[in-house]
There are 2 protein chains.
Amino acid sequence: MDGRFKLDNQLCFRLYTASRLITQAYHPLLAQHGLTYPQYLVLMTLWEKDAQPVNDIAKRLMLETNTVTPLLKRMEAEGIVTRSQGKKDARQMIVRLTRKGHGLQTKLMSVPETVGSAILCESVTPETVPGLFTMLDDIILQLKGKQG
Amino acid sequence: MDGRFKLDNQLCFRLYTASRLITQAYHPLLAQHGLTYPQYLVLMTLWEKDAQPVNDIAKRLMLETNTVTPLLKRMEAEGIVTRSQGKKDARQMIVRLTRKGHGLQTKLMSVPETVGSAILCESVTPETVPGLFTMLDDIILQLKGKQG
DNA sequence: ATTATTTATATCGTGTGCGATGCAAATATA
DNA sequence: TATATTTGCATCGCACACGATATAAATAAT
């Protein structure tokens with residue numbers, strides 16, 4: 001068997017591992033505020049634009065609503081967001097930041113910097129990261145087009 | 001608030017999304033053989049070297065044994081691997097491919113090629129992939145060193 | 001206006017991931 | 001040799017992810 005199956009040749013395994021390890025790097029920083037990484041992603045979308053329906057959040061994060069819904073319910077239970085029925089469209093659930101949810105932005109101010117500097121290394125620098133972004137964005141666009 | 005929290009600026013979100021989307025690309029190819037992507041990773045390690053203790057598999061995949069153990073039990077239930085107590089060290093569970101587990105290698109022969117070509121695009125080509133591998137390997141090494 | 005279809009969200013089931021913890025076998029130490 | 005520590009694996013609990021499916025509201029078609 002040629003090297004086709006060799007783990008070392010596989011892009012996906014690297015992405016999968018790198019993603020998990022970076023998420024683990026976020027963990028101690030987020031856990032002290034009772035957050036998980038996906039919840040932090042939701043917060044970032046709401047800090048960018050508050051009062052979004054579930055669907056918009058899911059699309060922004062490229063997740064299914066059946067992933068996001070229970071996640072938002074946990075955040076609601078924690079008092080980080082509210083969920084209320086839309087007025088124009090009664091099917092929509094509009095998600096809004098609470099004061100606590102807003103406040104987390106200040107408390108988490110140093111997180112991107114901390115994680116960012118933990119990642120910097122020989123081949124990953126402010127000069128090379130844009131190229132990395134381009135490749136990852138292209139992969140995402142490519143695969144997103146093939147399905148939804 | 002400056003762009004610190006902008007989702008678009010975040011490396012982790014890109015890795016997380018790219019990883020999930022590529023895993024989804026594997027899904028139809030693996031599901032028809034009753035496999036998940038993590039199970040496919042286990043198979044790759046065993047195709048490289050059969051008869052490994054749980055710990056070696058976990059280390060190779062950089063996962064915890066409490067993730068790998070139930071995964072292996074499901075694979076055992078599917079008749080893909082066997083698990084038997086080690087002879088030198090009675091604590092170890094040695095995992096071995098069954099005939100079926102070996103046979104899957106032939107059946108899945110075209111998978112790496114198929115997924116690979118689904119990923120190729122403008123900025124991700126046979127010329128640029130090595131550079132991408134270097135960056136991801138560096139990130140993994142960097143973060144691995146910081147903990148385990 | 002009635003019916004059919006689409007859309008937004010939710011529920012359910014299965015399979016990871018991983019922190020916390022337990023336990024027995026192996027090893028190190030006294 | 002007796003005891004302490006480490007190691008390999010496992011169980012438990014919780015939080016994603018996502019395919020499949022359900023339900024009600026909105027929209028399109030007749």
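Throughout, a chain's letter reflects where its sequence line sits, starting with A, and its residues are numbered from 1.
Residues satisfying the side-chain hydrogen bond (donor to acceptor under 3.5 Å, both in side chains) test with B:Gln32, not counting sequence neighbours, are none. With sequence neighbours excluded, the residues forming a side chain to side chain contact (heavy atoms under 4.5 Å, CB included) with A:His102 are A:Asp50, A:Leu97, listed by chain and number. Residues that satisfy the ring-ring contact (aromatic ring centres under 6.0 Å, His included) test with B:Phe13, not counting sequence neighbours, are absent from this structure. Taking B:Gln52 as the reference, B:Thr45, B:Leu46, B:Lys49, B:Asp56, B:Ile57 meet the side chain to side chain contact (heavy atoms under 4.5 Å, CB included) condition, with sequence neighbours excluded. Checked against side-chain hydrogen bond (donor to acceptor under 3.5 Å, both in side chains), A:Glu122 has no partners two or more places apart in sequence or in another chain. With sequence neighbours excluded, the residues that form a side-chain hydrogen bond (donor to acceptor under 3.5 Å, both in side chains) with B:Asp89 are B:Arg91.
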Run the side-chain contact (heavy atoms from CB on, under 4.5 Å) check on B:Glu78 and B:Gln39 step by step: do they pass?
-> CA-CA 11 Å; B:Glu78 295 291 328; B:Gln39 290 172 8; 5.8 Å; no
From CA spacing to verdict: side-chain contact (heavy atoms from CB on, under 4.5 Å), A:Ile119, A:Val124 | CA-CA 7 Å; A:Ile119 292 173; A:Val124 181; 4.2 Å; yes
Going through the distances and angles, do A:Thr23 and A:Arg20 end up as a side-chain contact (heavy atoms from CB on, under 4.5 Å)?
-> CA-CA 5 Å; A:Thr23 301; A:Arg20 281 177 30 248; 5.6 Å; no
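The CE atom of B:Met75 sits 13 Å away from the C1' atom of C:dG15 (whole-angstrom rounding). Straight-line distance from the NE2 atom of B:His27 to the P atom of C:dT16: 10 Å, rounded to whole Å. Rounding to whole angstrom units, CD1 of residue B:Ile22 and P of D:dC18 are separated by 13 Å. Rounded to whole angstrom, the span from the CG atom of B:Leu72 across to the P atom of D:dC9 amounts to 10 Å. Distance, B:Gln32 CD to D:dG19 P: 16 Å, rounded to whole Å. To the nearest angstrom, C1' of C:dA10 lies 14 Å from CD of A:Glu76. Counting to the nearest Å, the P atom of D:dA10 and the CD1 atom of B:Ile57 are 11 Å from each other. Here the P atom of nucleotide C:dG17 and the CG atom of B:Leu15 are 15 Å apart, to the nearest Å.
Recorded end-axis angle for the helix from C:dA1-D:dT30 to C:dA30-D:dT1 stands at 10°, based on five pairs per end and rounded to 10 degrees.
Within 3.5 Å, no donor on the side chain of A:Arg91 pairs with an acceptor on the base of C:dT9, nor the reverse.
Taking the six-membered ring where tryptophan is involved, the planes of B:Tyr37 and B:Tyr26 are tilted, since the angle between them lies from 30° to 60°.
A heavy atom lying under 4.0 Å from DNA chain C marks the following residues of residues 79-90 of chain A, by number: A:Arg83. Residues from residues 43-54 of chain B placing a heavy atom under 4.0 Å of any atom in DNA chain D, listed by number, are B:Pro53, B:Val54.
Side chain of A:Gln92, nearest nucleotide from C:dA10, D:dA10, C:dT9: C:dT9.
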Donor-acceptor pairs are to be reported for all side-chain atoms of residues 62-77 of chain B against protein atoms at under 3.5 Å, with residues two or more places apart or in another chain.
| from | atom 1 | to | atom 2 | distance (Å) |
| --- | --- | --- | --- | --- |
| B:Thr69 | OG1 | B:Thr65 | O | 3.0 |
| B:Glu76 | OE1 | B:Arg83 | NE | 3.1 |

Run the side-chain donor-acceptor check on residues 132-139 of chain B: report pairs under 3.5 Å with partners two or more places apart or on a different chain.
| from | atom 1 | to | atom 2 | distance (Å) |
| --- | --- | --- | --- | --- |
| B:Thr134 | OG1 | B:Pro130 | O | 3.0 |
| B:Asp137 | OD1 | A:Arg14 | NE | 2.8 |
| B:Asp137 | OD2 | A:Arg14 | NE | 3.4 |
| B:Asp137 | OD2 | A:Arg14 | NH2 | 3.1 |
| B:Asp138 | OD2 | A:Ser123 | N | 3.2 |
| B:Asp138 | OD2 | A:Ser123 | OG | 2.6 |

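Using a 4.0 Å heavy-atom criterion, one finds that A:Lys59 contacts no nucleic acid atom at all.
Proximity of A:Thr69 to the phosphate of C:dA10: a side-chain N or O atom is located under 4.0 Å from OP1 or OP2.
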Starting at the 5' end of nucleotides 12-17 of chain D, put B wherever the base has a protein heavy atom under 4.0 Å, S where only the sugar-phosphate does, and a dash everywhere else.
-> ---SSB
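Across B:Pro112 and B:Leu108, no two heavy atoms sit closer than the pair CD-O, 3.6 Å.
The side-chain heavy atoms of A:Leu35 and A:Ile80, taken from C-beta on, include a pair separated by under 4.5 Å.
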